[in-house]
Amino acid sequence: MLKHEEDVFALIPGSEYTLAMSNPPTILLIEDDEGIAEPLVFGLQSEEMHVLRAATGADGLTLARNEHPDVILLDVMLPDMDGFSICKTLRRESAVPIVMLTARGQEMDRVMGLELGADDYIVKPFSFRELLARVRAILRRLELDLKTPTRTSDRITVGDIVLDRTARQLFRRHELVELSPREFELIVVLIDRIGQALSRQELLDLAWGEEWVGNPRTLDVHIRWLREKIEDNSAAPQYIETVRGHGYRFVDPTTRGSGNASA
């Protein structure tokens, strides 16, 4: 259930939380519990968002595929399938931001959701204000992405990797590497600052945006995914080094010796 359900009725259009967007953002809520779904739908609609709601995983997948929502709020425990399976399916098909709604507070469950591609999670019971703040942060990031102009710099080569910013593509040994939008933003940040040791917070601010709200562990998950795609051996990375106790650094393996890269 929601904490302080009166918060839903306190947040009305014109409040400090209202986001100026040309079109109302579409939020898909996949939640079977009426006690949670009804006030969430009411609150989000009060904030001038278009809300779609599904009570089963199957209906949620259908709406996600047909309606192309801006953000998905996904309950972990559904009557026909679990949210982790739905998240995995959605992530294979789309880069839509997913926020997991879970009654499971254990770290392992949270990490599992992030590793399957969720952008954030929130543990029940939660207040509407907390959920709204996280949705707003995601929408601001999406809006900034749309407004960010294309870089004029065209290509950069590092070892056997070629980054094409204009085409938003990455090649390794002349073969296209399939990256999600977030993975692409992250590797651009790393390559633009080649040789620099960047803290986890710096990477989150640069690739996700300073207003992003979520679990910092999602950075480590995305780094692991990048290593699996661009390294010969992700357990002994040559491009993306771990700077212990700090963060990560992108290096050119052809310009140094045996190096001290670590996973």
Side-chain angles (χ1 to χ4, degrees), residues 1-9 11 24-47 49-139 141-142 180-182 212-215 217-218 221-222 224-225:
M1 62 179 293
L2 293 175
K3 286 193 299 184
H4 311 303
E5 289 187 357
E6 65 272 14
D7 286 350
V8 173
F9 302 95
L11 297 171
T26 298
I27 311 298
L28 171 58
L29 172 63
I30 307 176
E31 170 64 69
D32 65 311
D33 188 332
E34 294 292 336
I36 293 175
E38 287 186 7
L40 282 183
V41 170
F42 177 86
L44 292 170
Q45 288 176 339
S46 296
E47 290 299 311
M49 297 181 189
H50 176 52
V51 184
L52 305 169
R53 190 266 173 118
T56 67
D59 289 345
L61 285 172
T62 298
L63 284 173
R65 289 163 175 159
N66 294 338
E67 302 297 331
H68 308 291
D70 297 295
V71 180
I72 295 177
L73 306 178
L74 174 59
D75 184 25
V76 170
M77 302 296 291
L78 292 165
D80 55 339
M81 62 182 74
D82 66 84
F84 296 126
S85 299
I86 298 170
C87 180
K88 186 176 181 179
T89 299
L90 288 170
R91 192 50 74 233
R92 286 199 302 261
E93 302 174 359
S94 168
V96 60
I98 300 171
V99 179
M100 305 291 288
L101 310 179
T102 175
R104 302 171 174 178
Q106 292 87 354
E107 181 182 12
M108 201 63 219
D109 290 316
R110 299 195 297 267
V111 171
M112 182 184 299
L114 294 171
E115 289 190 342
L116 290 174
D119 295 81
D120 199 1
Y121 69 89
I122 185 167
V123 178
K124 301 175 184 178
F126 53 83
S127 71
F128 180 74
R129 290 179 183 272
E130 180 183 4
L131 178 71
L132 184 61
R134 299 192 186 205
V135 171
R136 291 293 192 201
I138 291 172
L139 292 174
R141 178 61 184 170
L142 293 175
S180 70
R182 187 70 72 196
W212 179 79
V213 178
N215 190 325
R217 289 289 298 273
T218 192
V221 173
H222 281 75
R224 177 167 62 80
W225 288 343

Interatomic spacing from [atom1] in [X] to [atom2] in [Y] - rounded to 0.5 Å:
X     : Y      : atom1 : atom2 : value
Leu28 : Leu73  : CG    : CG    : 8.0 Å
Arg91 : Asp119 : CZ    : CG    : 5.5 Å
Glu67 : His50  : CD    : NE2   : 6.5 Å
Thr26 : Leu139 : OG1   : CG    : 10.0 Å
Ile36 : Leu29  : CD1   : CG    : 9.0 Å
Thr56 : Leu78  : OG1   : CG    : 7.5 Å

Side-chain donor-acceptor pairs of residues 83-90 under 3.5 Å, sequence neighbours excluded:
| unit_1 | atom_1 | unit_2 | atom_2 | d |
| --- | --- | --- | --- | --- |
| Ser85 | OG | Asp82 | OD1 | 3.4 |
| Ser85 | OG | Asp82 | OD2 | 3.1 |
| Thr89 | OG1 | Ser85 | O | 3.0 |

What residues form a side chain to side chain donor-acceptor pair (under 3.5 Å) with Asp80, not counting sequence neighbours?
->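 Scan of Asp80 (side chain to side chain donor-acceptor pair (under 3.5 Å), adjacent residues dropped) gives none.
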* **Qualifying residues under side chain to side chain donor-acceptor pair (under 3.5 Å), relative to Arg134, sequence neighbours excluded** =>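 Partners of Arg134 by the side chain to side chain donor-acceptor pair (under 3.5 Å) criterion, ordered by chain and then number, come out as Asp120, Glu130.
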Smallest separation among heavy atoms of [X] and [Y], with atom names:
X      : Y      : answer
Gly57  : Met81  : CA-CG, 4.0 Å
Phe126 : Val123 : CB-O, 3.7 Å
Ala64  : Pro69  : O-CD, 3.6 Å

Side-chain contact, heavy-atom cut-off 4.5 Å: [X] with [Y]?
X      : Y      : answer
Met49  : Val71  : no
Lys124 : Val76  : no
Leu44  : Phe128 : yes

Test item: Asp75 side-chain N/O and Ile30 main-chain N/O as donor-acceptor pair under 3.5 Å
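It does not hold such a pair.
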- prompt: Okay, side chain of Arg53, backbone of Gly60: is any donor-acceptor separation there less than 3.5 Å?
  reply: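 No, Arg53 side chain to Gly60 backbone: no donor-acceptor pair under 3.5 Å.
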